[in-house]
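Every heavy atom of this structure was used, including side-chain atoms; hydrogens, water molecules and symmetry mates were not. All values reported here derive from a predicted model rather than from experimental measurement.
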Amino acid sequence: MSIDIWIKLNNRINEIYKNNEADGIVITHGTDTQEETAYFLSLTSRYDKPVIITGSMRPATAISADGPKNLFDAVTLAASKQASK
């Protein structure tokens, strides 16, 4: 992850919300820098609509892989009216 990617991501998020293209956004993200990305976006987002970042710790081949459930929960939260700031 780099500052250039964060800026591009933030610009795209703001463009989507400016054009009223979505009510919520879900970003899948690796867990190594997930917290830093979330913090950057919380400081730079110009809209009160949800931006949900999700990842997983267990691989898809694991008996209890967490990726599919985390993605489902992220989409559910992004679609929720209570998720707005």
side-chain contact (heavy atoms from CB on, under 4.5 Å) between Ile5 and Thr37, worked out:
CA-CA 10 Å; Ile5 294 172; Thr37 299; over 6 Å; no
Apply the hydrophobic cluster definition, ILVMFWY joined by side-chain contacts under 4.5 Å directly or through others, and give me every member besides Tyr39.
Leu43
How is the hydrophobic cluster of Leu71 composed, in terms of its other members, when Ile, Leu, Val, Met, Phe, Trp and Tyr link through side-chain heavy atoms under 4.5 Å apart, directly or indirectly?
Val26, Ile52, Val75, Leu77
Do the non-hydrogen side-chain atoms of [X] and [Y] ever get within less than 4.5 Å of each other?
| X | Y | value |
| --- | --- | --- |
| His29 | Met1 | yes |
| Phe40 | Ile3 | yes |
| Ile13 | Ile27 | yes |
| Trp6 | Leu41 | no |
| Thr28 | Gln34 | no |
| Ile25 | Pro50 | no |

Taking it one step at a time, do Lys18 and Tyr47 satisfy side-chain contact (heavy atoms from CB on, under 4.5 Å)?
CA-CA 8 Å; Lys18 177 184 175 191; Tyr47 295 88; 3.2 Å; yes
Sequence-distant partners of Lys69, salt bridge (charged side-chain N to carboxylate O under 4.0 Å, His left out), two or more places apart
Asp73
Side chain to side chain contact (heavy atoms under 4.5 Å, CB included) partners of Asn70, counting only residues at least two apart:
Thr54, Ser56, Asp66
Measuring from atom CD1 of Ile16 to atom CD of Glu21, what distance do you get when rounded to the nearest 0.5 angstrom?
6.0 Å
Please tabulate, one pair per line, all N/O donor-acceptor pairs under 3.5 Å involving side-chain atoms of residues 57-65, not counting sequence neighbours.
{"from": "Arg58", "atom 1": "NE", "to": "Ser64", "atom 2": "O", "distance (Å)": "2.6"}
{"from": "Arg58", "atom 1": "NH2", "to": "Ser64", "atom 2": "O", "distance (Å)": "3.2"}

Glu15/Arg12 salt bridge by N-O under 4.0 Å criterion:
yes
Listing request: all salt bridge (charged side-chain N to carboxylate O under 4.0 Å, His left out) pairs with a residue in residues 26-44, at least two apart in sequence or in separate chains.
none
Quick check on side chain to side chain contact (heavy atoms under 4.5 Å, CB included): which of Asn10, Leu9, Ile7 does Thr44 satisfy it with?
Asn10
